[in-house]
Amino acid sequence: MAPTLAEPFVDSSALTDFVINQGNGVKGLSEMGLRALPKRYIQPLEERMCMTNILAQETIPIIDMSNWEDPDVAKSICDAASKWGFFQIVNHVVPVEVLENVKDATYKFFGLPAEVKNKYSKDQSPSNNVRFGTSFSPQAEKALEWKDYLSLFYASQEEASALWPHVCRDQVLDYMKKSEVVIKQLLQVLMKGLNVNEIDETKESLLMGSMRTNLNYYPICPNPELTVGVGRHSDVSTLTILLQDQIGGLFVRGNQGDNWIHVPPIKGSLVINVGDALQILSNGRYRSVEHRVVANGSKNRISVPIFVNPRPRDIIGPLPELIESGEKPIYKQVLYSDYVKHFFRKAHDGKKTVAYAEL
């Protein structure tokens, strides 16, 4: 059978070759003007977003950071981390032009020819710390996700200068550096909420000893209701700092049942969410919450998350201050790199990763 615009690939290996091996990604599929979604991207019914499950009246908290040390602001941050696991911050210290620059740089990177982007693929990248890819974990997924990404793990200024793509390197480094101030503010408040009043060097490196920034690209999708941009998952980070554009499409699981809340784009805001590492370190007081991204049939979308993590060699478990005050631990001590490997070796599956650390 000859390829058609409805199903342009004779078999799934031809699709894999085009999308993954040649570096075209789903952006390449989108630009072919497909009339129908390729079969590999059709998600099972239970993984598709059901519009009747969206809580239109609900919204995650929006917190003004201009007086972040004010006890009322601190309480609202800790309450949001406990109840919702997600909140948006406005009037923070990261300049709007830094955010706009990194969004522009994201479009520039994904606008590069496939053969240039492919130099950063798993098979060709000069470092594991720089990775261009598509979907989440294609080798483990039955159905693929409609997203391309560039993942940049910060090891050192020297490595970033030498190996990160020039078209986005400086803008991402600036975004990470400027965001560090707000990350430290948030962690200080969240630790105080656990009666951990001092963040010494050891604790700081446990909370934010490594950072990774992803540039995510969600191109226009045929039949967007049949697939996902990103499937249901919680992050493995301590905190995630997310810059989203004005398109929308991020949904967070509500507090009751299978209900989802849209996170509306607010110009200049950052979306903050608790990751599994902080849930474990806080002994469950702060919650990492499932979230997902829907595909869009009419607009390209980008987002730029910074994942603030322990170092791979760190052991994570409930903070000693909590156990010393008489709390019963609900998580064991785990090597952070083992936890992360467990997350990446399977398809997105909601919050199942955290069970790996439960006692």
Side-chain angles (χ1 to χ4, degrees), residues 20 23 25-27 94 98-138 145 147-183 205 207-219 229-230 233 235-245 270-273 275 277 293 301-314 336-337 340-341 343-344:
I20 298 174
V26 283
K27 183 173 185 282
V94 188
V98 171
L99 304 180
E100 292 304 317
N101 288 345
V102 82
K103 284 195 277 192
D104 290 345
T106 299
Y107 273 112
K108 280 188 181 144
F109 174 78
F110 287 102
L112 293 171
E115 59 273 17
V116 177
K117 289 182 290 195
N118 211 26
K119 288 178 182 164
Y120 302 100
S121 67
K122 185 177 181 180
D123 292 338
Q124 295 186 43
S125 180
S127 165
N128 280 338
N129 295 335
V130 184
R131 175 69 48 82
F132 167 66
T134 191
S135 193
F136 172 65
S137 193
E145 300 178 351
K147 178 188 89 168
D148 297 331
Y149 66 87
L150 174 69
S151 181
L152 301 166
F153 181 87
Y154 183 83
S156 68
Q157 183 74 36
E158 294 71 36
E159 184 185 91
S161 296
L163 300 181
W164 290 13
H166 292 187
V167 73
C168 59
R169 175 193 62 204
D170 294 345
Q171 294 84 351
V172 173
L173 286 170
D174 196 26
Y175 170 51
M176 292 177 85
K177 186 172 177 49
K178 297 289 194 312
S179 297
E180 223 171 282
V181 178
V182 82
I183 291 163
S205 70
L207 294 167
M208 54 178 293
S210 73
M211 289 197 204
R212 176 188 299 279
T213 298
N214 274 20
L215 310 185
N216 294 329
Y217 189 84
Y218 304 91
V230 178
H233 71 289
D235 295 344
V236 293
S237 55
T238 303
L239 287 178
T240 302
I241 316 298
L242 176 78
L243 171 63
Q244 58 171 346
D245 65 12
L270 291 166
V271 180
I272 310 297
N273 65 279
V293 174
R301 176 180 184 266
I302 57 165
S303 69
V304 191
I306 300 174
F307 300 102
V308 180
N309 308 310
R311 294 168 304 181
R313 64 178 179 275
D314 284 327
Y336 186 63
S337 60
V340 173
K341 280 178 198 154
F343 176 68
F344 280 105

Q) For Ser151, what residues pass the side chain to side chain donor-acceptor pair (under 3.5 Å) criterion, not counting sequence neighbours? A) Arg212, Asn214
Q. Do Ile302 and Leu215 touch side chain to side chain, with heavy atoms closer than 4.5 Å?
A. no
**Q.** Set of residues satisfying side chain to side chain donor-acceptor pair (under 3.5 Å) with respect to Tyr336, sequence neighbours excluded
**A.** Asn309
(Q) In the structure I gave you, are the side-chain heavy atoms of Val236 and Phe307 within less than 4.5 Å of one another anywhere? (A) no
Q.
Treating Thr238 as the side-chain partner and Met208 as the backbone partner, does any N or O pair qualify as donor plus acceptor under 3.5 Å?
A. no
Under 3.5 Å, sequence neighbours excluded: what are the donor-acceptor pairs made by side chains of residues 101-108?
residue: Asn101; atom: ND2; partner: Glu97; partner atom: O; Å: 3.2
residue: Lys103; atom: NZ; partner: Glu100; partner atom: OE2; Å: 3.3
residue: Thr106; atom: OG1; partner: Val102; partner atom: O; Å: 2.8

(Q) Could you measure the distance from the CG atom of Asp148 to the NZ atom of Lys27? Nearest 0.5 Å is fine. (A) 8.5 Å
Q.
My understanding is that only residues two or more places apart in sequence, or in another chain, count here; which of them pass ring-ring contact (aromatic ring centres under 6.0 Å, His included) with Tyr217?
A. Phe110
Q) Considering residues at least two apart in sequence or located in another chain, which fulfil the side chain to side chain donor-acceptor pair (under 3.5 Å) criterion with Asp245? A) none
Q. Are Ile306 and Met211 close enough, and set up right, to give a side-chain contact (heavy atoms from CB on, under 4.5 Å), and what steps lead you there?
A. CA-CA 7 Å; Ile306 300 174; Met211 289 197 204; 4.1 Å; yes
**Q.** Side chain to side chain, Val293 and Arg301, heavy atoms closer than 4.5 Å
**A.** yes
Q: Could you grab the distance from atom CG of Leu270 to atom OG1 of Thr240, nearest 0.5 Å is fine?
A: 12.0 Å
Q. Do Thr134 and Ile20 have side-chain heavy atoms sitting under 4.5 Å apart?
A. yes
Q | Residues in salt bridge (Lys or Arg N to Asp or Glu O under 4.0 Å) contact with Lys117, at least two apart in sequence or another chain | A | none
Q.
Run the side chain to side chain donor-acceptor pair (under 3.5 Å) test against Asn128 and tell me which residues pass, sequence neighbours left out.
A. Arg131
**Q.** Side chain proximity check, Leu242 to Ser303, heavy atoms < 4.5 angstrom
**A.** yes
Q.
Minimum heavy-atom separation for Val304 and Tyr175, please, with both atom names.
A. O-OH, 2.7 Å
**Q.** Nearest non-hydrogen partners of Val26 and Lys147, listed with the distance
**A.** CG2-N, 3.5 Å
Q | 4.5 Å side-chain heavy-atom contact, Ile272 and Ile241 | A | yes
**Q.** Where Phe132 and Phe109 come nearest, the two heavy atoms and their spacing
**A.** CD1-CE2, 3.9 Å
Q. What is the distance from atom CD of Gln171 to atom CG of Leu99, rounded to the nearest 0.5 Å?
A. 12.5 Å
**Q.** Spacing of CG belonging to Leu239 relative to OG belonging to Ser179, to within rounding of 0.5 Å
**A.** 12.0 Å
Q: Compare all side-chain heavy atoms of Val130 with those of Leu152 and state whether any distance is below 4.5 angstrom.
A: yes
If you look only at distance, which donor and acceptor atoms sit under 3.5 Å apart when one is on a side chain in residues 159-169 and the other is two or more places apart or in another chain?
residue: Glu159; atom: OE1; partner: Asn129; partner atom: ND2; Å: 2.9
residue: Glu159; atom: OE2; partner: Asn129; partner atom: ND2; Å: 3.4
residue: Ser161; atom: OG; partner: Gln157; partner atom: O; Å: 2.9
residue: Arg169; atom: NH1; partner: Ser161; partner atom: O; Å: 2.9

